[in-house]
Every structure is written in structure tokens, then in C-alpha cells.
Q: 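Below you will find the structure I want to go over with you.
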Amino acid sequence: MIDVHERERWQVIKALLRERSLVRIADACRATGASEASVRRDFASLAEQGVAIRVHGGLEALPDAADAQGDVVSLATRAFDVSQTLNIDAKRAIAKAAVGLCADGETIIINGGTTTYQMGDYLRERRLKVLTNSYPLAEVLIHKSKCRVALPGGEVYREQGMIVSPFEEDAIQHYSATRMFMSAISIGPLGVIEGDPLLARAESKLLKRADRLTVLADASKFVSRGSLVVCPLSRIHTLITDTDAPGTALDMLRDHGVQVVVVDASAEANAAA
């Protein structure tokens, strides 16, 4: 019998395979928090299922493997349900600090993601106008907050919980926001990085509608992954992260004029306990 944790690891590894053609053992260990022995067993199981091919030191994706298995086509990024379980205390602390930057009456944009999704709990008593392409967040705000909510047009990607339009002209062209909040696959010297072309394009479109960009990135986002630059560091006004973020990366951001806010995830966890 397959346990729940094993299934969750498989989903993470499959997401990594969609992001890159080769997943090494060390990559999977970092992404799942599992031991090397567990990851090796996962690789063997996924290879037996025909999801990928075992290669020396890693797992290689099969061309069009997801389509061949009849899976729903999704964005090349980790599934929402999987990401939501990772680094949750840090994400909640970061989200709380992000909401603290907002003033009632503001118009803001919140891009889809599991860190930005956590902003929903802290927006319940606030009165803002929110445009979001995250339908899980929209549902929370519609039913449990005093915020006005707008959604862009586009296709629904169930696995990531996002609404993404492939077209240049859509409803967001008439939107103007003071702030945009977003996460990403990673943050590096070149800027905010994503792994899916459609997602990167959608984020670039949203960025054009906002005056200031605030990036929500826990410590795991400073590991190099993804290959598409959404925007340079000069576009970031503020970055919120947690105390486990590498100091060299934060210094690099400050050198580029980014305001860095560091929050204590353990304090938020203790407050919630």
C-alpha cells in the first residue's frame, strides 16, 4: 500500500520533472525533505510506472509522459496542494507581513501561489480591492472577507489553482493597482524566475498594471531553479522572506535597491499554536 507521504513526494517529483528534464537525487531531497534512501525508492517506483527513466544519479522525464497517461494538462510548476504543505510557518509569517503593508481602500494585485494564498487569512477584516488569478484565494476573499474581488479571464489550471489567459488583451488591461504581491520558483541575480512560459507571461502582464512589486519568498526560493526571467531585481520594491534565507542573497538584493523584510517564522508558529 502507498502511504500519503509517498504520494505527496511523487507529486513533487513529477512537478520537478515538468520544470526540468532531469531531476537529481539532491534536488528531490531538498524539494521533498525526504532522505536519499526514500528518494531513490521513489525514483525506482516512478520509473516502474513509466513516468520517467532512471539515469545515473537522477530521473529523466519522458517526452509527453503526462499526456500519454491521460493526465490533465497543467502548468510546469509544482501542484498547489503539494506546495501548500511546504514551509507553511514561513509562508504564513511572510503573508502576514505582506498584508501589513496594505492600507484599507487600496487596489492591489495578488498573483497565484501558496505563499500569496496565505494572505487570505490576514485580509479578512481589511477593505481592499483585490485582483487575483488565484481562484482558491478568490474563494476565501469572496466568502470570508470584506474585500472587493476581481478575476481575470482565462483558462483554469486546476492543479495550480490558477486562472491564466494566453491572450494579450483581456480584462486586466483596464486595471490599475498600487501594489502587486507575487511569489516565484526562485529569486536570483537575474531577477524573479519562473519555470513555465505561460505563467511567466501572465505575471509580466499583471506587473504592468501595478506601481510597486512585493515579492514573497521563503528561504527555499533562493535555490537556483527555473529558467524564465519574469522581471529584473530593479523592478522589485520590497522582498519579504524568513530568517533562514541566505545572508549573501539578501545582501545582493539590498545592493540592487530592494527593500528586504525578514520575518521570524517560529514566532508566527508559536502564535498560531
Side-chain angles (χ1 to χ4, degrees), residues 1-88 90-91 112-115 155-162 164 183-190 192-201 203 217-230 244-246 249:
M1 180 179 293
I2 301 172
D3 63 42
V4 174
H5 297 296
E6 189 174 59
R7 285 188 183 277
E8 290 176 350
R9 293 200 306 272
W10 288 1
Q11 290 300 317
V12 172
I13 294 168
K14 287 178 181 179
L16 291 174
L17 283 168
R18 290 193 295 269
E19 176 187 321
R20 61 192 86 170
S21 59
L22 176 66
V23 178
R24 300 193 180 279
I25 291 172
D27 298 331
C29 288
R30 282 194 296 268
T32 63
S35 67
E36 181 177 328
S38 294
V39 167
R40 287 185 182 276
R41 288 194 296 271
D42 293 337
F43 280 11
S45 296
L46 291 171
E48 288 175 5
Q49 295 171 35
V51 172
I53 303 170
R54 280 301 305 269
V55 295
H56 181 69
L59 198 65
E60 187 174 1
L62 289 170
D64 302 322
D67 292 340
Q69 295 177 42
D71 289 345
V72 174
V73 176
S74 62
L75 299 171
T77 187
R78 186 180 290 157
F80 181 87
D81 289 344
V82 174
S83 282
Q84 196 175 12
T85 67
L86 305 175
N87 308 316
I88 186 63
K91 290 177 178 179
T114 53
T115 308
E155 184 174 353
V156 173
Y157 288 83
R158 295 181 183 87
E159 193 173 354
Q160 286 76 24
M162 295 183 70
V164 179
S183 184
I185 283 182
S186 68
I187 309 295
L190 294 179
V192 178
I193 310 297
E194 277 295 353
D196 183 274
L198 188 59
L199 185 57
R201 185 167 179 268
E203 290 173 344
D218 65 71
S220 70
K221 300 301 177 68
F222 294 95
V223 175
S224 179
R225 55 172 82 91
S227 58
L228 300 168
V229 179
V230 177
D244 289 333

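Worth saying up front: this structure is predicted, and the values here are computed from it rather than measured. Both backbone and side-chain heavy atoms feed into the values below; hydrogens, waters and symmetry mates do not.
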Q: To the nearest 0.5 Å, what is the distance between CZ (Arg24) and SG (Cys29)?
A: 13.0 Å

Q: Mind listing the closest non-hydrogen atom pair of Ala44 and Arg54 along with its distance?
A: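 Taking Ala44 first and Arg54 second, the nearest heavy atoms are N-NH1, 3.9 Å.
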
Q: If every non-hydrogen atom of Phe222 is compared with every non-hydrogen atom of Ala217, which pair is closest and at what distance?
A: CE1-O, 4.1 Å

Q: Out of curiosity, Ile25 CD1 to Ser35 OG, how far, rounded to the nearest 0.5 Å?
A: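 Reported to 0.5 Å precision, the distance equals 10.5 Å.
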
Q: State which residues pass salt bridge (charged side-chain N to carboxylate O under 4.0 Å, His left out) with Arg40; sequence neighbours excluded, sorted by chain then number.
A: Glu36

Q: If only atom types and distance count, is the side chain of Lys221 paired as donor or acceptor with the main-chain N or O of Ala184 below 3.5 Å?
A: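 Answer holds: yes.
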
Q: Distance from Leu17 atom CG to Leu46 atom CG, nearest 0.5 Å?
A: 7.5 Å

Q: In Å and rounded to the nearest 0.5 Å, what is the CG to NZ distance from Asp218 to Lys91?
A: 6.0 Å

Q: Can you see which heavy atom on Ala219 is nearest to which on Pro246, and at what distance?
A: O-CD, 4.5 Å

Q: When rounded to the nearest 0.5 angstrom, what distance separates OG1 in Thr32 from CD in Glu8?
A: 10.5 Å

Q: I need the Ile193 CD1 to Leu228 CG distance, nearest 0.5 Å.
A: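 Rounded to the nearest 0.5 Å, the CD1-CG separation comes out at 8.0 Å.
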
Q: Would you please test Ile187 and Val192 for side chain to side chain contact (heavy atoms under 4.5 Å, CB included) and show each step?
A: CA-CA 5 Å; Ile187 309 295; Val192 178; 4.1 Å; yes

Q: Can you name the closest pair of heavy atoms from Ile185 and Gly195 and give their distance?
A: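 Heavy-atom minimum between the residues: CD1-N, 3.1 Å.
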
Q: According to side chain to side chain donor-acceptor pair (under 3.5 Å), who are the partners of Ser45, at least two apart in sequence or on a separate chain?
A: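 Side chain to side chain donor-acceptor pair (under 3.5 Å) list for Ser45, sorted by chain: empty.
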
Q: Measure across Ala34 and Arg9 and return the closest heavy-atom pair with its distance rounded to 0.1 Å.
A: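 Distance-wise, the nearest heavy atoms are CB-CD, 3.4 Å.
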
Q: Any heavy-atom pair between the side chains of Tyr157 and Leu198 that's under 4.5 Å?
A: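 Yes, their side chains come closer than 4.5 Å.
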
Q: If you take all heavy atoms of Leu22 and Val55, which pair is closest and at what distance?
A: CD1-CG2, 3.5 Å

